[in-house]
Amino acid sequence: MNLEELKSFYPELNPLIQARLEKRVKMEGMGLRLYPYKFEKNTSAREIQERFANQGHELSDEVVRIAGRLMLVREHGKASFAHIKDGTGSIQVYAKLDNLGEARYGLWKELDVGDIIGIRGRVFRTKRGELTVSIDEFEILCKSLRPLPEKYHGIKDIELRYRKRYLDLIMNPEAQRIFTLRSKIVSEIRRELEGQGFLEVETPVLQSVASGAAARPFITHHNYLDQDFYLRIAHELHLKRLIVGGFEKVFEIGKAFRNEDVDAQHNPEYTLLELYWAYVDYNDIMGLTENLVHKVALNVLGKEVIEYQGKTIDLRPPWKRISFLDALKNEGIKIDVDKITKEEAYKIGESVGAEIKPDFPTGKILVKIFEKVCEEKLTGPVHIYDYPVEVCPLTKPHRSNPGLAERFESYIAGMEVANAYSELNDPAYQRKMFMAQLEERKRGEAEIYDYDEDFCEALDYGMPPTGGLGIGIDRIVMILTNAPSIKEVILFPTVSATQK
RNA sequence: GGGCCUGUAGCUCAGCUAGGUAGAGCAAUCGGCUCUUAACCGAUGGGUCAAGGGUUCGAAUCCCUUCAGGCCCGCCA
């Protein structure tokens, strides 16, 4: 391709890109193919580091073929060093006029940092002790046309790191570490649940009723059906339909979408694990939760006690269990949930500075008080159990205390990471709870558990007693990778479409 | 939705308090260097100071608006 045509693709041409375009034209003019189809590798950077750990200063007999991105070039006239980075790590390579000859060494010197090359060479150790591949032959596998960020500082600009995550991954080993761990964590969760006989299923993202949680949904439109659909805000109600259908242990790991603000713990689309287990209650789910998180930490990190943002967190089961009311009592707030009036609750709420309105149901006020005075202090891991019944429309009422419901939330480092119930399976009571939610909507609440009559109909047929669990995968990954923000553990976090 | 902070070369950052010719390092280009490793040495080029408006003889700098992002609060159970 000629230079003018190439340049026409780059309306915001800067001198660095222009230089590379010119280089490309020059190389293609020499008959080089800059975008060949494949390269036969026979090893990787990490494998070389491992297998040649005892290599001395002499060249190996074995010939290695590696490929990767050219980083950190240090030219010395008639010889030069560089690092090649591949999917496993990086390795130093050594190009020498004596080995390559005038023409090839000339081409070597034309390479840019960022180019992807394939190398055939032999391994040796330099005088300074670094394991190095001495290049016998190399070829360009992909010409890079944009300069990479600064080699030492990498990219620091948080916005750039999120918008152009590939640069973050190229430049920052920490990003590589986090996302590699994320994959391992998710796959370990799957392995563990499958080992316990859970079946992984997929349920719809496009739903005509967005329920199962209280959050504002995204709305989209189906042209053929000429109907609006919601993106799911939870997996819950479809998974419970599967329990009605006779499955006894199911789980789903998938995106949920909530049309809410973005902050360090919230991304509009996030990965939610939900599981349902027939014939057990929330006590069994507590055990499952702590064993799952503990086992994942142990198998992925090799640790049971971890550091998160300066806090030491011991994940070994059993986790501490504190009732919702005791958690309040520990902060000096004693409540008799059967006797307290809304006015009394409101007064306490005001005195601790909770964000409440007088027409909130009493239970909701209590939860706001809890979130204000207790949540942050729950370094955990800890299960907080038995919540006020009004905030648990999908939960069985407590077997011995009518003001409460059999729900628990697990907290680690002050973050809610799990939410679980003895699932409500009485269809009449379920309808009553949904109606109460609609009443709240009438009072102006935007976020409520929407009434799903089709789900209630499923319950009419009969769902066995069931324990259910939701775990925010992103938050678990944050904790296990010591990441301060949810955006650090989501490859492409939600950002405004405006280009920077 | 409220408060605070940030935006200067491809990247990392100075310069802004107190208005007066736009700076450094890396990267690039040219030259030198056959065991370097953030290689080194010499030279050169590179800017809509986020955008728009205002104040001023003069604005990267002061003021206003907008855009993008971060932190905290609210909301997201």
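A, B, ... follow the sequence lines: proteins, then strands. Residue 1 opens every chain.
In terms of the salt bridge (charged side-chain N to carboxylate O under 4.0 Å, His left out) criterion, Glu50(A) has no residue partners (sequence neighbours excluded). Not a single side chain to side chain donor-acceptor pair (under 3.5 Å) links Glu440(A) to another residue, sequence neighbours left out. In this structure Glu137(A) satisfies the side chain to side chain contact (heavy atoms under 4.5 Å, CB included) test together with Arg120(A), sequence neighbours excluded.
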Less than 3.5 Å apart, which donor and acceptor atoms pair up between the side chains of residues 90-103 of chain A and the rest of the protein, not counting sequence neighbours?
{"unit_1": "Gln92(A)", "atom_1": "OE1", "unit_2": "Arg74(A)", "atom_2": "NH2", "d": "2.7"}
{"unit_1": "Gln92(A)", "atom_1": "NE2", "unit_2": "Thr132(A)", "atom_2": "OG1", "d": "2.9"}
{"unit_1": "Asn99(A)", "atom_1": "ND2", "unit_2": "Ser134(A)", "atom_2": "OG", "d": "3.1"}

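In this entry the distance linking CG of Leu111(A) with P of A28(B) reads 12 Å, nearest Å. One can place CG of Leu13(A) at 15 Å from C1' of G47(B), the figure rounded to the nearest angstrom. Atom-to-atom, CD1 of Ile17(A) to C1' of A9(B) comes out at 13 Å; the value is rounded to the nearest Å. When rounded to the nearest whole Å, the span between CZ of Arg20(A) and C1' of C11(B) equals 12 Å. Atoms CG (Leu21(A)) and C1' (U29(B)) sit 15 Å apart, rounded to a whole Å. One atom, CG of Leu16(A), and another, C1' of C26(B), lie 11 Å apart when rounded to the nearest Å. If you measure from atom CG of Asp112(A) to atom P of C26(B), you get 18 Å, rounded to the nearest angstrom. In this structure, the CG atom of Leu160(A) is 15 Å from the P atom of A50(B), given to the nearest Å.
Here A59(B) sits opposite no nucleotide as a Watson-Crick or G-U wobble pair (both hydrogen-bonding atom distances under 3.5 Å). The base-pairing partner of U34(B), taking Watson-Crick or G-U wobble contacts with both distances under 3.5 Å, does not exist among the strands shown. For U12(B), the paired nucleotide is A24(B), the pair qualifying as Watson-Crick or G-U wobble because both relevant distances are below 3.5 Å. When both pairing distances are held under 3.5 Å, G52(B) makes a Watson-Crick or G-U pair with C64(B). Partner assigned to C4(B) is G70(B), using Watson-Crick or G-U wobble distances below 3.5 angstrom.
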Using a cutoff of under 3.5 Å, can you pull out all pairs of nitrogen or oxygen atoms linking the protein to nucleotides 73-75 of chain B, with atom names and distances?
{"unit_1": "G74(B)", "atom_1": "N1", "unit_2": "Asp261(A)", "atom_2": "OD2", "d": "3.0"}
{"unit_1": "G74(B)", "atom_1": "N2", "unit_2": "Asp261(A)", "atom_2": "OD2", "d": "3.1"}
{"unit_1": "C75(B)", "atom_1": "N4", "unit_2": "Asp263(A)", "atom_2": "OD2", "d": "3.3"}

Within the sub-3.5 Å range, which N or O atoms of nucleotides 34-38 of chain B have a protein N or O partner, and how far apart are they?
{"unit_1": "U34(B)", "atom_1": "OP2", "unit_2": "His76(A)", "atom_2": "O", "d": "3.4"}
{"unit_1": "U34(B)", "atom_1": "OP2", "unit_2": "Lys78(A)", "atom_2": "N", "d": "3.3"}
{"unit_1": "U34(B)", "atom_1": "N3", "unit_2": "Asp98(A)", "atom_2": "OD1", "d": "3.4"}
{"unit_1": "U34(B)", "atom_1": "N3", "unit_2": "Asp98(A)", "atom_2": "OD2", "d": "3.1"}
{"unit_1": "U34(B)", "atom_1": "O4", "unit_2": "Asp98(A)", "atom_2": "OD1", "d": "2.3"}
{"unit_1": "U34(B)", "atom_1": "O4", "unit_2": "Asp98(A)", "atom_2": "OD2", "d": "3.3"}
{"unit_1": "C35(B)", "atom_1": "O2", "unit_2": "Lys127(A)", "atom_2": "N", "d": "2.6"}
{"unit_1": "U36(B)", "atom_1": "OP2", "unit_2": "Arg128(A)", "atom_2": "NE", "d": "2.9"}
{"unit_1": "U36(B)", "atom_1": "OP2", "unit_2": "Arg128(A)", "atom_2": "NH2", "d": "3.2"}
{"unit_1": "U36(B)", "atom_1": "O4'", "unit_2": "His76(A)", "atom_2": "NE2", "d": "3.1"}
{"unit_1": "U36(B)", "atom_1": "O2", "unit_2": "Arg74(A)", "atom_2": "NE", "d": "2.7"}
{"unit_1": "U36(B)", "atom_1": "O2", "unit_2": "Arg74(A)", "atom_2": "NH2", "d": "3.1"}
{"unit_1": "U36(B)", "atom_1": "O2", "unit_2": "Gln92(A)", "atom_2": "OE1", "d": "3.4"}
{"unit_1": "U36(B)", "atom_1": "N3", "unit_2": "Gln92(A)", "atom_2": "OE1", "d": "2.8"}
{"unit_1": "U36(B)", "atom_1": "N3", "unit_2": "Gln92(A)", "atom_2": "NE2", "d": "3.1"}
{"unit_1": "U36(B)", "atom_1": "O4", "unit_2": "Gln92(A)", "atom_2": "NE2", "d": "2.6"}
{"unit_1": "U36(B)", "atom_1": "O4", "unit_2": "Thr126(A)", "atom_2": "OG1", "d": "2.9"}
{"unit_1": "U37(B)", "atom_1": "OP2", "unit_2": "Arg128(A)", "atom_2": "NH1", "d": "3.0"}
{"unit_1": "U37(B)", "atom_1": "O4'", "unit_2": "Arg74(A)", "atom_2": "NE", "d": "3.0"}
{"unit_1": "U37(B)", "atom_1": "O2", "unit_2": "Gln92(A)", "atom_2": "OE1", "d": "3.4"}
{"unit_1": "U37(B)", "atom_1": "O2", "unit_2": "Glu130(A)", "atom_2": "OE1", "d": "2.7"}
{"unit_1": "U37(B)", "atom_1": "N3", "unit_2": "Glu130(A)", "atom_2": "OE1", "d": "2.6"}

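Counting heavy atoms from C-beta outward, Lys78(A) and Lys109(A) have side chains that stay 4.5 Å or more apart. Using a 4.5 Å heavy-atom cutoff, the side chains of Ile412(A) and Trp319(A) are in contact.
Rounded to a whole angstrom, the distance from the C1' atom of U55(B) to that of U61(B) is 13 Å. One C1' atom belongs to C49(B), the other to U8(B), and the distance between them is 4 Å to the nearest Å. To the nearest whole angstrom, the two C1' atoms, one in A50(B) and one in A9(B), are 14 Å apart. Comparing A28(B) with C11(B), their C1' atoms sit 12 Å apart, to the nearest whole Å. Atom name P, nucleotides C26(B) and U37(B): the rounded distance is 14 Å, in whole Å. Nucleotides A60(B) and G47(B), compared at atom P, are 16 Å apart to the nearest Å. U17(B) and U21(B) have their C1' atoms separated by 22 Å, given to the nearest Å. As rounded to the nearest Å, C13(B) and G2(B) have C1' atoms that lie 32 Å from one another.
Mapping Arg475(A) and Ile155(A) onto RNA chain B by nearest heavy atom places Ile155(A) closer to the 5' end of the strand. Both Ala19(A) and Gly470(A) lie close to RNA chain B; mapped to their nearest nucleotides by heavy-atom distance, the more 5′-ward contact belongs to Ala19(A).
No side-chain donor-acceptor contact under 3.5 Å links Tyr385(A) and Asp326(A).
Residue Lys487(A) places at least one side-chain N or O closer than 4.0 Å to OP1 or OP2 of G70(B). For A28(B), neither phosphate oxygen OP1 nor OP2 lies less than 4.0 angstrom from any side-chain nitrogen or oxygen of Lys23(A).
A salt bridge links Asp281(A) with Arg399(A): at least one charged nitrogen is closer than 4.0 Å to a carboxylate oxygen.
Applying the 6.0 Å contact sphere to CG of Asn2(A) captures more than 12 heavy atoms from other residues, nucleotides or ligands.
The side chain of Arg258(A) lies closest to C76(B), out of C76(B), C11(B), G10(B). For Asp157(A), the side-chain atoms get nearest to U12(B) when compared with the rest of U12(B), G10(B), G70(B).
Met171(A) and Glu150(A) make their closest contact through CE-O, 3.5 Å (heavy atoms, listed as atom of the first residue, atom of the second, distance).
In this structure, Ile219(A) CD1 and Phe257(A) CZ are separated by 14.5 Å, a value rounded to the nearest 0.5 Å.
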